[in-house]
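Here's the structure we're looking at; comments come further down.
In what follows, chains are A, B, ... by sequence order, proteins preceding strands, each numbered from 1.
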Number of protein chains: 2
Amino acid sequence: MTLNNIDKLGFATALAEARKGSREGGVPIGAALVYHASSAEADCVVLGSAHNQRIQKSAPTLHAEIATIEDAGQLSADVYEKSTLYTTLSPCSMCAGAILFYKIPRVVIGENASASTGEEEWLRSRGVEVILVNNEECKELMRNFIENKPEAWNNGSSS
Amino acid sequence: MTLNNIDKLGFATALAEARKGSREGGVPIGAALVYHASSAEADCVVLGSAHNQRIQKSAPTLHAEIATIEDAGQLSADVYEKSTLYTTLSPCSMCAGAILFYKIPRVVIGENASASTGEEEWLRSRGVEVILVNNEECKELMRNFIENKPEAWNNGSSS
């Protein structure tokens, strides 16, 4: 998968968040929301980014994508409609539902080997462009987490 | 729709939250999560309740249902699996996705006349029991809000 420069920026931001989550001992999943008025790099803005905070804040719904949409704050519909959401792991049904609710038209996903929910197909069926990067570092972060904290992962964690 | 006593308690709790939201000038949607180990009333526990806080906290994702799941805190899978979510308005795709993610098997909805997302059918197709109360006060709260703050409603609000 070849990413353009805006996608590289967005994905690097999400991956940096996943690394932060890993250093904090949390679920190492990161996300970023990037607005692109056009395909020119100068026209893009990172609206928000965050990592999963389920363990750190004992907050069950603070998946990386939800926390990122929160971090971006209140936006008008036309901003979401020109944005891409980057996430290091394939989204769960709640986060996929959020992508649909906010009408974010495009999602770039780091990997779906650690947890495959099937929601990518649901997003595609509802008109969202879904791009899979298949990034090794995203998988490695998840593998280390699941090996070290299997009970935390098995009890309700996700993207 | 005839509700049993546990459902009456759960729905009354969600409706009280919607009224709180209305008094605060927020989106008047409330929710509650109730655990029921059996059908005996003594066996039920209100795990959490909340109202939409999009306006009050400038928090786009704090829909009533998401805020309620947050309010209930970290729970094990078997607790969600014996719980019902009560909400005064039919859930959006994010909140419907959360119901699926946490494997909450049953949803009681106050009304779907003010905003119909079609997600009730999606929930049913994935095995969730969906009960529509068709409550007049829920509709009245929404009607007043939309009349008084149409711009707030049209710009991204929902359940």
Side-chain angles (χ1 to χ4, degrees), chain A residues 27 31 33 47-48 50 53-81 85 90-104 115 117-119 122-123 125-128 151-159, chain B residues 27 31 33 47-48 50 53-81 85 90-104 115 117-119 122-123 125-128 151-159:
Chain A
V27 186
L33 185 66
L47 297 168
Q53 288 159 58
R54 194 173 63 80
I55 291 176
Q56 297 90 320
K57 293 191 177 172
S58 197
T61 67
L62 278 182
H63 289 194
E65 300 92 325
I66 298 289
T68 290
I69 292 168
E70 255 329 285
D71 186 53
Q74 303 258 29
L75 302 170
S76 62
D78 60 328
V79 175
Y80 291 116
E81 284 167 12
L85 185 74
S90 190
C92 78
S93 57
M94 173 175 68
C95 296
I99 289 161
L100 293 174
F101 177 71
Y102 294 99
K103 297 188 174 64
I104 299 167
T117 59
E119 308 304 351
W122 180 48
L123 289 170
S125 77
R126 302 264 294 243
V128 177
E151 69 300 330
W153 176 246
N154 291 326
N155 193 18
S157 54
S158 184
S159 60
Chain B
V27 186
L33 185 67
L47 297 169
Q53 288 159 57
R54 193 175 62 81
I55 291 176
Q56 295 92 318
K57 292 191 177 171
S58 198
T61 67
L62 277 182
H63 288 193
E65 299 92 326
I66 298 289
T68 291
I69 292 168
E70 253 332 284
D71 186 53
Q74 303 259 29
L75 301 170
S76 63
D78 61 328
V79 174
Y80 291 116
E81 284 168 12
L85 185 75
S90 190
C92 77
S93 56
M94 173 176 67
C95 296
I99 290 161
L100 293 174
F101 176 70
Y102 295 100
K103 297 190 174 63
I104 298 168
T117 58
E119 307 304 352
W122 180 48
L123 288 171
S125 76
R126 303 265 293 242
V128 177
E151 70 299 331
W153 177 246
N154 291 327
N155 192 17
S157 54
S158 183
S159 61

Ignoring hydrogens, what is the shortest heavy-atom contact between [X] and [Y]? Give both atom names and the distance.
| X | Y | value |
| --- | --- | --- |
| A/Ile66 | B/Met94 | CD1-SD, 3.7 Å |
| B/Ser93 | A/Leu100 | OG-CB, 3.7 Å |
| B/Arg126 | A/Glu119 | NH2-OE2, 2.9 Å |
| B/Gln74 | A/Ala59 | NE2-N, 3.9 Å |

Name the member of A/Gly73, A/Ser58, A/Ala96 that forms the most heavy-atom pairs with chain B at distances under 4.5 Å.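 Maximum pair count with chain B is reached by A/Ser58.
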
Should A/Phe101 and B/Thr61 count as side-chain neighbours, where that means a heavy-atom distance under 4.5 Å?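 Side-chain contact under 4.5 Å: no.
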
